[in-house]
Amino acid sequence: MSGVTLALVGAGLRGRSYARHALSAGTGRVVAVAEPDPYRRETTATEFGIAPEHVYADWSDLAAAGRLADAVIIATQDRLHTGPAVRLADLGYHILLEKPMATSEREASEIADAARRNGIMLAVCHVLRYTPYTRTLKRLLGDGRIGRLVSVQHLEPVGWWHHAHSFVRGNWRREDTSAPMLLTKSCHDIDWLVHLFGETPAKISSFGNLTHFRAEERPPGAADRCVGCSIEPDCPYSAKRLYLGCLGDPGREFWPLSAVTEKHTEADVLEALRTGPYGRCVYACDNTVVDHQVVNMEFPGGATCSFTMSAFTPMEHRRTRLLGTHGYIDGDGHTLRLVDFRTGGEESIDGRTGSGPSAADGHGGGDEALTDAFLAAVSTGDPTLLSSDAAASLATHRVVWAAERARTTNTVVHLDSLGAM
Ligand SMILES: NC(=O)c1ccc[n+]([C@@H]2O[C@H](COP(=O)([O-])OP(=O)(O)OC[C@H]3O[C@@H](n4cnc5c(N)ncnc54)[C@H](O)[C@@H]3O)[C@@H](O)[C@H]2O)c1
């Protein structure tokens, strides 16, 4: 396993997380990096001991050097996945690709085609598939513990401050520079639900709006920035409270604070809030993505699923109720409460990882388990160690695009079968 060599394209928050885990687990080592930000590039090169001749400012320079490693982690921003993924697949790299695969169906198809044509393994970072909790739930369903799955109710509690950070002030706030919220955030949930059902839906509808984080909702007296705002102390979305509160906590200093500033002193944070995007009033930003959305799905056999994403929650694990012909499961991301209709008995099954739901916590153990599975697949040449390949990820992304089509056209969209999941 120690022989897996990695190139890192995009040494941002996600890329460094996967690379650090590979290194600390002893399962992979980073031998090349491409990163335009000089601070991130140099600190990454030093942290991983990368030879200077394999440190690049752009993914295309790394690609021009030919194949330098067994595999590549591509963790650039959403709109910069397709170029490196196709080119590096053509060079024969196995690929760990951040979600969403791409921001359009055409580009995601190009990536899946490149993976197939080159016979490489490509895993999209659908980390939820890899948590011990999901594996336990999948096993309970596979063992028929609740009979036939008839209906699922699923909540994605994004969290009020997380929504403000990423989807009002941050990188995923606009559809035209990133993508719709259902793709940038809830593609995980749609992928996960399809994974649980084992097939893609036949019909889909969706509603959702940007209700709160808009100019009309701005309270009287609010300033354009939190620093100097007279009502900031009482505002739930205070950037000062959120980001100054990260100081001293290494996990929260890495995420979310490193998105705001890589310098973690009170003076540097306040300066970033005075001048940068993360200090803006949430009612005076240029955000366009929804702050709540629902999706309804019907599967070919008649089973149904309702999904809700909302900003207006604490940030915690997803909650899911699974309703079967012979039993019921209620899951909170830690524990699965199973009621067996044959006996009336109840069982509490521990799916816990000890790890929280956020990026700083490794997404409930999913980040580490995904990295381990990918490196094991590369080192053994066994793609069955991965929960999904490029074609399966393309299929679940297509469900997301169908849901967005349904939302924006006020219609029920019918999907052809997109294959087994
Ligand atoms: N799987 C998950 O749960 C999860 C969670 C959060 C984010 N993401 C996804 O991960 C990706 C990265 O997110 P992030 O938060 O790490 O973002 P980030 O902005 O911290 O990192 C992206 C990095 O790519 C670099 N970059 C830009 N142009 C480049 C180029 N030409 N060549 C090489 N590198 C380049 C940037 O300088 C930056 O450091 C996004 O697609 C995001 O949607 C996934």
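Numbering of ligands and ligand atoms starts at 1, following listing order. Since this is a predicted model, take the numbers as computed values, not measurements. FYI, the numbering just counts along the sequence from 1.
- Using a 4.0 Å heavy-atom cutoff, W172 is listed among the residues neighbouring ligand 1.
- Pairs passing the side chain to side chain donor-acceptor pair (under 3.5 Å) check and including a residue from residues 178-187, sequence neighbours excluded, read D78-S178, E156-K185, E156-S186.
- Short contacts between ligand 1 and L13, defined as distances under 4.0 Å to a heavy atom of the residue, involve ligand atoms 16 (O), 20 (O).
- Distances between N or O atoms of T184 and those of ligand 1 include no value under 3.5 Å.
- Note: H165 and Y243 meet the aromatic proximity criterion, with ring centroids under 6.0 Å apart.
- Within the set P84, G10, P36, the minimum heavy-atom distance to atom 35 (C) of ligand 1 is found for P36.
- Of all atoms in ligand 1, numbered sequentially from 1 with element shown, those under 4.0 Å from a heavy atom of Y18 are 1 (N).
- Close contacts between ligand 1 and A34 involve ligand atoms 33 (C), 34 (N) [criterion: under 4.0 Å to a heavy atom].
- Taking CD from E232 and CG from D234, the interatomic distance works out to 9.0 Å, rounded to the nearest 0.5 Å.
- The shortest N or O to N or O distance between D78 and ligand 1 is under 3.5 Å.
- The pair R14-D367 meets the salt-bridge criterion, with a side-chain N (NZ, NE, NH1 or NH2) lying under 4.0 Å from an Asp/Glu carboxylate O.
- A distance-only check finds a donor-acceptor pair linking the side chain of R41 to the backbone of P36 [under 3.5 Å].
- By the 30° and 60° cut-offs, the orientation of the rings of Y133 relative to W192 is parallel.
- Remark: the backbone N or O of A11 is paired with a side-chain donor or acceptor of R16 at under 3.5 angstrom.
- Both tests hold for R20 against F254: distance to the six-membered ring centre under 6.0 Å, angle to the ring axis within 45°.
- Of all the listed residues (Q77, E35, R14), R14 holds the heavy atom that lies closest to atom 7 (C) of ligand 1.
- Per-residue contacts place L80 under 4.0 angstrom from the following atoms of ligand 1 (heavy atoms of the residue considered): 28 (N), 29 (C), 30 (C), 31 (N).
- Ligand 1 has no N or O atom lying under 3.5 Å from any N or O atom of V127, backbone or side chain.
- Atoms of ligand 1 lying under 4.0 Å from any heavy atom of H81, numbered from 1 in the order shown and given with element: 41 (O).
- In summary, of the residues considered (L155, V158, D189), a side chain to side chain contact (heavy atoms under 4.5 Å, CB included) with M309 occurs for V158 alone.
- Contact annotation: R16 has no heavy atom less than 4.0 Å from any atom of ligand 1.
- Judged by the shortest distance from any of its heavy atoms, H126 lies outside the 4.0 Å radius around the atoms of ligand 1.
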